[in-house]
Amino acid sequence: MSQVRRQSAVLPRPNWGWQDAAACREEDLILFFGPDGERQPEREIRERKAKAVCADCPVRVECLNYALSRPEKYGVWGGLNEEERAAERRRRMRRANAA
Ligand code: SF4
């Protein structure tokens with residue numbers, strides 16, 4: 001009689017410890033993600049304020065690396081908005097391919 005073993009896929013759990021030191025812990029999430037239907041001028045002002053919080057954040061690098069490693073499509077993470085993170089992903093990909 002054969003024995004069939006089931007192996008469950010074990011995905012690595014993200015390390016969320018860095019969030020304990022996040023400068024945005026007490027901030028309103030809307031500052032980082034914006035409201036529905038936000039217009040470009042308001043978005044630019046909001047993102048500038050969010051990025052100012054990120055600039056003083058002690059876990060900015062960890063936050064950005066986390067956001068770049070996951071499909072985080074929205075919001076300001078690690079001081080970068082969506083378009084800036086997409087550009088950073090491409091830049092890192094090019095750098096890795098060149099190595
Ligand atoms: S870098 Fe910005 S979004 Fe990330 S934890 Fe710090 S304050 Fe929050």
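Both ligands and their constituent atoms are indexed starting at 1 by order of listing.
Scanning all protein heavy atoms for the shortest distance to atom 5 (S) of ligand 1 gives Ala22 CB, 3.5 Å. Scanning the protein for heavy atoms near atom 6 (Fe) of ligand 1, the closest one is Cys57 SG, 2.3 Å. Residue, atom and distance of the protein heavy atom nearest to atom 4 (Fe) of ligand 1 are Cys63 SG, 2.3 Å.
Arg89 contributes a side-chain N or O that, together with a main-chain N or O of Leu68, makes up a donor-acceptor pair within less than 3.5 Å. Put simply, the side chain of Glu84 gets close to the backbone of Asn81: a donor and an acceptor are under 3.5 Å apart. For the pair Arg85 (side chain) and Glu72 (backbone), a donor-acceptor distance under 3.5 Å is present.
The ligand atoms of ligand 1 that sit less than 4.0 angstrom from a heavy atom of Arg60 are 1 (S). For ligand 1 and Val76, the ligand atoms under 4.0 Å from any heavy atom of the residue are 3 (S).
Within the model, atoms CZ of Arg60 and CG of Asn65 stand 10.5 Å from one another, a figure rounded to the nearest 0.5 Å. With rounding to the nearest 0.5 Å, the separation of CG in Leu80 from CD in Glu82 is 10.5 Å. In this structure, CZ on Arg46 lies 11.5 Å from CZ on Arg48, to the nearest 0.5 angstrom.
Here Cys24 reaches atom 8 (Fe) of ligand 1: one of its N/O/S atoms is less than 2.8 Å from the metal. At a cut-off of 2.8 Å, Cys54 is counted among the residues with an N, O or S atom near atom 2 (Fe) of ligand 1.
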